[in-house]
Amino acid sequence: MERGAIPPGDLAGPFDLQSTLESGQTYLWTRADGAMFEDDVAHGGSAWYETVVPPLDGVGNSRAVVRVRQVDGRLEWESTTDAVPLLTHLLRLDDDLTAVRAACPDLPLVQRSFDAYPGMRLVRDPPFGALVSFICSAQMRVARIHGMQVSLAEAFGDRVTAGSRTYHAYPTPDALAAATETDLRELSLGYRAPYVRRTAEMVAEDEADPAAARELPYEEARDYLTRFVGVGEKVADCVLLFSLGFLHAVPLDTWIQTAIADHFPDCERGSYAETSRAIRERLGGAYAGYAQTYLFYALRTGRIGE
DNA sequence: TATCCAAGGTAAGTT
DNA sequence: AACTTACCTTGGATA
């Protein structure tokens with residue numbers, strides 16, 4: 001495998017790998033030490049994280065194994081190809097986090113959540129993996145959502161050998177479409193099993209393409225994604241924010257709904273769409289999704305008061 | 001040891 | 001359109 005490092009100076013501001021990958025935005029990486037999403041693991045370590053990247057528009061047109069860890073601020077990587085453009089894309093290393101924070105509202109709740117996890121970036125997951133993993137997220141704990149993706153990769157993903165080890169790629173749409181509902185239920189997907197199978201089939205058969213939403217205006221893009229089975233407005237917002245670069249999307253999950261009720265009750269409108277507009281504006285507009293993700297992680301881990 | 005409960009919601013059926 | 005209800009599974013809490 002090729003090796004390299006990205007010095008802190010090339011990271012466009014503060015960056016923290018662990019919070020970026022373990023904040024519940026992405027379920028497509030694993031920790032080499034097996035401690036992904038374990039709440040009793042302290043921050044500040046330098047664990048290796050691994051993923052197998054499918055061909056992506058614009059950055060590398062073939063599959064690649066990528067390993068990365070952060071030591072003294074710099075990102076060390078090992079990969080089957082030059083990982084710099086891949087990491088820049090997947091971890092949004094070119095986001096100016098200082099500008100992002102400056103654009104977010106000067107509210108104690110928001111600022112304390114930024115302070116809780118300095119350097120956390122949003123991610124840019126591959127669209128199909130993002131779509132399926134957030135279908136799996138319904139009524140589920142983060143550690144189990146991740147476990148499901150690992151199970152899916154082990155059962156239906158291609159094996160890739162690199163650096164004397166074998167990795168499992170995330171399943172292709174064809175591979176998941178070919179699985180049966182029973183196969184998927186055996187992986188503990190529960191009622192999500194038929195959703196995942198049918199959505200994979202829709203992508204495999206070219207009935208719809210999650211990446212196509214990138215070309216649409218925000219609310220049309222969200223509507224477009226809800227044509228996939230198991231995808232409602234909340235999951236659609238997650239795909240838009242964590243994969244397709246709609247940084248103003250604010251997924252209204254249980255934590256944010258509680259935060260709205262407790263801290264922004266005037267943003268509570270009747271419908272998802274209206275509440276979404278109101279809280280998006282309250283969180284600063286353009287980077288509202290960044291604020292949402294910081295709030296979500298800080299609230300979920302108890303770093304900021306209820 | 002047994003039971004209960006909630007976890008990053010969505011689809012389908014009613015009003 | 002807004003409102004109910006059912007839905008798989010599992011780890012942690014409660015009795």
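Note on naming: letters A, B, ... go to the chains in the order of the sequence lines (proteins, then strands), and numbering restarts at 1 for each one.
- Taking atom CD of residue Gln257(A) and atom P of nucleotide dG9(B), one finds them 9 Å apart after rounding to whole Å.
- The separation between Arg222(A) atom CZ and dT10(B) atom C1' is 15 Å, rounded to whole Å.
- Looking at heavy-atom distances under 4.0 Å, Glu186(A) makes no contact with the nucleic acid at all.
- No more than 12 heavy-atom neighbours from other residues, nucleotides or ligands sit within 6.0 angstrom of CD on Glu281(A).
- Under a 4.0 Å N-O distance rule, the pair Arg165(A)/Glu50(A) qualifies as a salt bridge.
- Residue His146(A) contributes atom NE2, which lies 17 Å from atom C1' of dT10(C) at whole-angstrom precision.
- Regarding contacts with the backbone of dT10(C), a side-chain N or O of Ser188(A) is found under 4.0 angstrom from either OP1 or OP2.
- Using a 4.0 Å heavy-atom distance criterion, Tyr297(A) is classed as making no nucleic acid contact.
- Relative to the side chain of Val235(A), the nucleotides dA6(B), dG9(B), dC8(C) differ in distance, and dG9(B) lies closest.
- Within 6.0 Å of the CG atom in Asp266(A), the count of heavy atoms belonging to other residues, nucleotides or ligands exceeds 12.
- With both ends at atom P, the span from dC8(C) to dG13(B) equals 14 Å, rounded to whole Å.
- Distance CG (Leu225(A)) to C1' (dT10(B)): 15 Å, rounded to an integer number of Å.
- Of the two residues contacting DNA chain B, namely Thr26(A) and Val229(A), the nearest-nucleotide position lying further toward the 5' end is that of Thr26(A).
- If you check distances only, the side chain of Arg192(A) does reach the base of dC8(C) with a donor-acceptor pair under 3.5 Å.
- We find that CZ of Phe134(A) is positioned 12 Å from P of dT10(B), with the value rounded to whole Å.
- As rounded to whole Å, 16 Å separates atom P of dG12(C) from atom CZ of Phe37(A).
- In this structure, Glu181(A) reaches neither bases nor backbone, as no heavy-atom distance under 4.0 Å exists between it and the strands shown.
- Ranking dT9(C), dG9(B), dC8(C) by closeness to the Arg144(A) side chain, first place goes to dT9(C).
- Between Leu189(A) atom CG and dC8(C) atom P the separation is 12 Å, expressed in whole Å.
- Here dC7(C) presents its P atom at 22 Å from CZ of Arg198(A), a figure rounded to the nearest Å.
- The nucleotide whose nearest atom lies closest to any side-chain atom of Met140(A) is, among dG9(B), dA6(B), dT9(C), dT9(C).
- Judged by distance alone, with hydrogens and angles left aside, the side-chain atoms of Arg121(A) form a donor-acceptor pair with the main-chain N or O of Asp95(A) at under 3.5 Å.
- Heavy atoms from other residues, nucleotides or ligands lying under 6.0 Å from CZ of Arg3(A) number 12 at most.
- With a cut-off of 3.5 Å on both pairing distances, dC8(C) has no Watson-Crick or G-U wobble partner at all.
- Nearest nucleotide to the side chain of Tyr191(A), out of dC7(C), dA7(B), dT10(B): dC7(C).
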